Amino acid sequence: MFDIAVIEDPAAAEASLDPMRARLLAELAEPASATMLAARVGLPRQKVNYHLRALEQHGLIELVEERRKGNVTERVMRATAASYVISPAALAAVRPNPTPAPDRLSARWLLAIAARLVQDVGTLITGADRAKKRVATFALDGTVRFASASDRAAFAEELATAVTALVGKYHDETAPGGREHRVVLALHPTVDPSTASANES
């Protein structure tokens with residue numbers, strides 16, 4: 001089981017967004033059979049099996065083992081990941097495009113960048129899993145508390161200058177066998193999980 005998996009297929013995304021199937025995915029963080037799940041979610045076993053077949057068809061759950069109980073073979077399933085994220089590739093026709101008119105101060109442009117990040121890294125993970133390799137990535141995540149909006153603006157400017165200098169130092173357009181890497185930096189107000197609303201100040 002992976003810690004996180006990216007859903008790229010529209011049909012798989014649709015299956016995962018069904019409330020009952022999403023609940024079954026959560027329940028299947030630990031292996032369980034349709035009979036066990038039926039008792040937990042309050043549905044007949046046949047209905048649970050219907051949902052499990054749909055989830056299995058899209059690779060969201062997998063068979064762990066089969067157990068014989070009298071004349072019946074009980075299938076024990078588990079989720080293929082502890083959590084899932086839906087790639088913008090699942091909505092290909094309307095996915096965000098961060099390329100035109102970049103505005104470093106636009107929250108919507110930041111969202112488009114984040115969507116591209118999910119899509120790109122999801123594609124890399126899928127390819128790496130098939131090749132049984134790891135993806136060369138690096139991430140930083142932290143919090144900074146600014147005394148004022150002017151301090152925040154100064155920080156952003158210094159950060160941009162420092163990163164531009166660092167990219168200039170290491171970027172080699174003519175390196176034989178070199179591979180481009182995308183650098184994404186973001187700064188946004190933290191979100192209070194209890195209210196799920198951002199501080200707009």
Side-chain angles (χ1 to χ4, degrees), residues 1-9 12-13 16-17 19 22-23 25-26 29 60 79-129 131 133-175 177-201:
M1 175 189 283
F2 298 113
D3 291 336
I4 186 167
V6 180
I7 299 172
E8 297 174 315
D9 177 61
S16 71
L17 290 172
R23 174 148 182 219
L25 276 176
L60 300 173
T80 53
S83 58
Y84 299 86
V85 62
I86 297 175
S87 169
L91 294 168
V94 292
R95 67 179 170 225
N97 179 7
T99 304
D103 177 356
R104 293 189 307 178
L105 301 179
S106 165
R108 295 187 189 280
W109 189 65
L110 173 57
L111 190 60
I113 291 284
R116 182 178 64 192
L117 180 65
V118 169
Q119 180 175 323
D120 288 354
V121 175
T123 299
L124 290 168
I125 287 173
T126 301
D129 288 345
K133 293 183 178 181
R134 295 186 64 184
V135 182
T137 60
F138 172 77
L140 286 174
D141 181 27
T143 304
V144 56
R145 186 179 180 92
F146 297 111
S148 65
S150 60
D151 280 357
R152 182 182 63 215
F155 175 87
E157 190 60 38
E158 285 185 46
L159 183 62
T161 301
V163 171
T164 300
L166 197 59
V167 168
K169 178 180 177 180
Y170 287 98
H171 180 69
D172 188 342
E173 192 70 44
T174 61
R179 181 171 182 184
E180 287 190 355
H181 287 67
R182 186 176 297 282
V183 178
V184 177
L185 296 170
L187 177 68
H188 62 83
T190 56
V191 177
D192 183 347
S194 65
T195 61
S197 62
N199 177 3
E200 296 297 332
S201 63

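Remember, predicted model here, so these are calculated numbers, not experimental data.
- Expressed to the nearest 0.5 Å, how far OG1 of T126 lies from CG of D9 amounts to 11.0 Å.
- Among all heavy-atom pairs drawn from S16 and L25, the shortest one is CB-CD1, 4.3 Å.
- Residue-environment remark: CG (N97) exceeds the threshold of 12 foreign heavy atoms within 6.0 Å.
- Looking at every heavy atom in both residues, I7 comes nearest to A90 through O-CB, 4.4 Å.
- In this view, F2 satisfies the ring-ring contact (aromatic ring centres under 6.0 Å, His included) rule with no residue, not counting sequence neighbours.
- Applying the side chain to side chain donor-acceptor pair (under 3.5 Å) rule to pairs touching residues 159-170 yields nothing, sequence neighbours excluded.
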- Message: Applying side-chain contact (heavy atoms from CB on, under 4.5 Å) to V121 and V6, what does each step give before you reach the verdict?
- Response: CA-CA 9 Å; V121 175; V6 180; over 6 Å; no
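- The closest side-chain donor-acceptor pair between T174 and D172 falls under 3.5 angstrom.
- When atom types are taken as modelled, the side chain of Y84 and the backbone of L60 share a donor-acceptor pair closer than 3.5 angstrom.
- Contact record, P88 with R95: O-CB, 3.5 Å, taken as the closest heavy-atom pair.
- Counting heavy atoms from C-beta outward, T190 and T143 have side chains that approach closer than 4.5 Å.
- Once rounded to the nearest 0.5 Å, the distance linking CD of E173 with CD of E180 reads 6.5 Å.
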- Item | Stepwise side-chain contact (heavy atoms from CB on, under 4.5 Å) check, L117 with R182 | CA-CA 9 Å; L117 180 65; R182 186 176 297 282; 6.0 Å; no
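- To the nearest 0.5 Å, the span separating CG on D151 from CZ on R145 amounts to 12.5 Å.
- One distance of note links CD1 of I86 with CG of L17; it measures 4.0 Å at 0.5 Å rounding.
- To the nearest 0.5 Å, the span separating CD on Q119 from CG on L124 amounts to 10.5 Å.
- When all heavy atoms of R134 and A128 are compared, the closest pair comes out as C-CB, 4.4 Å.
- A donor-acceptor pair under 3.5 Å links the side-chain atoms of W109 to the main chain of P98, judged by distance alone.
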